[in-house]
Amino acid sequence: DAGITQSPRYKITETGRQVTLMCHQTWSHSYMFWYRQDLGHGLRLIYYSAAADITDKGEVPDGYVVSRSKTENFPLTLESATRSQTSVYFCASTQGVDEQFFGPGTRLTVL
Amino acid sequence: AQTVTQSQPEMSVQEAETVTLSCTYDTSENNYYLFWYKQPPSRQMILVIRQEAYKQQNATENRFSVNFQKAAKSFSLKISDSQLGDTAMYFCAFMKVQGAQKLVFGQGTRLTINP
């Protein structure tokens with residue numbers, strides 16, 4: 001399917017476990033982003049990537065790791081999940097200074 | 001660093017009325033983009049309208065229009081003839097032209113259109 005997809009859509013995990021959220025886009029966009037959405041904060045940038053093998057921190061990067069070995073994929077890993085990482089996570093992509101296209105989101109609950 | 005503020009956490013209007021959502025931002029940049037995104041209950045983020053800072057003319061998309069006041073750093077969204085399907089969270093967002101194309105979001109306004 002064309003577009004940007006995220007998996008899983010829902011995830012429940014326990015404190016201390018490693019979790020990886022997947023993001024895949026079919027447009028070959030250069031830029032990809034991970035945001036988290038929390039009540040009262042809107043969406044905040046976790047990490048972004050300008051191209052394959054180029055990543056950089058956003059506003060709230062602590063506790064997260066990203067990689068981008070292929071242009072179309074941008075996984076986000078929580079190395080040791082904490083309750084404060086319970087959130088809705090959005091992946092987005094864009095080719096440049098223009099609209100960002102968002103995935104459907106992943107609701108993550110850390111118990 | 002840029003900041004975006006939406007001072008109305010919730011708004012509610014009757015169907016067919018006009019409603020205006022407020023957004024202010026702070027930046028030292030001269031060249032940037034502003035966006036309004038809509039998030040319905042499905043959670044999908046949908047672009048409503050965009051505004052380039054160098055353009056003085058306010059952007060319009062059908063029933064949606066903006067009032068862009070660059071000197072005041074204000075970017076409000078007006079929805080005319082509101083419809084039940086306009087019920088959603090609305091986010092104002094800022095993007096610098098220079099550097100990585102990162103979005104900075106406001107806290108959001110929950111808009112309810114009542115029948």
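Proteins get letters first, then strands, A, B, ... in listed order; numbering begins at 1 in each.
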Item to check | Heavy-atom proximity to chain A below 4.5 Å, by part of R43(B) | outcome: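 Both parts, backbone and side chain.
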Could you grab the distance from atom [atom1] of [X] to atom [atom2] of [Y], nearest 0.5 Å is fine?
X	Y	atom1	atom2	answer
Q37(A)	Q39(B)	CD	CD	4.0 Å
Q101(B)	S30(A)	CD	OG	9.5 Å
E99(A)	Y37(B)	CD	OH	5.0 Å
L43(A)	Q107(B)	CG	CD	12.0 Å

Checklist outcome for this item: Interface check, chain B: of H41(A), E59(A), R107(A), most non-hydrogen pairs under 4.5 Å belong to R107(A)
Checklist entry - For chain B, which of G40(A), G105(A), G42(A) has the most heavy-atom pairs under 4.5 Å? => result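 Highest number of heavy-atom pairs under 4.5 Å: G42(A).
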Checklist entry - What part of R44(A) is in contact with chain B, defined as an atom under 4.5 angstrom from a non-hydrogen atom: side chain, backbone, both or neither? => result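 It is neither, since no heavy atom gets under 4.5 Å.
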Item to check | Side-chain touch M95(B)/Q100(A), heavy atoms, less than 4.5 angstrom | outcome: yes
Around atom [atom1] of [X], are there more than 12 heavy atoms from other residues, nucleotides or ligands closer than 6.0 Å?
X	atom1	answer
R17(A)	CZ	no
Q57(B)	CD	no
I12(A)	CD1	no
R63(B)	CZ	yes

Treating Ile, Leu, Val, Met, Phe, Trp and Tyr as nodes and any side-chain heavy-atom pair under 4.5 angstrom as an edge, say whether [X] and [Y] lie in one connected cluster.
X	Y	answer
I4(A)	V66(A)	no
F64(B)	W36(B)	yes
M89(B)	V4(B)	no
F91(B)	F35(B)	yes
L45(A)	Y25(B)	no

Checklist entry - Just by modelled atom types, is the L103(B) backbone N or O under 3.5 Å from a matching donor or acceptor in the Y35(A) side chain? => result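 At least one qualifying donor-acceptor pair exists.
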Checklist entry - Taking all non-hydrogen atoms of both residues, which atom of K102(B) and which atom of F33(A) are closest, and how far apart? => result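 Shortest heavy-atom contact: CA-CE2, 3.9 Å.
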Next on the checklist: Ignoring hydrogens, what is the shortest heavy-atom contact between F90(A) and M45(B)? Give both atom names and the distance.
Outcome noted: CE2-CG, 4.2 Å
Checklist entry - Just checking, R36(A) and F105(B): is the charged tip under 6.0 Å from the six-membered ring centre and within 45° of the axis? => result no
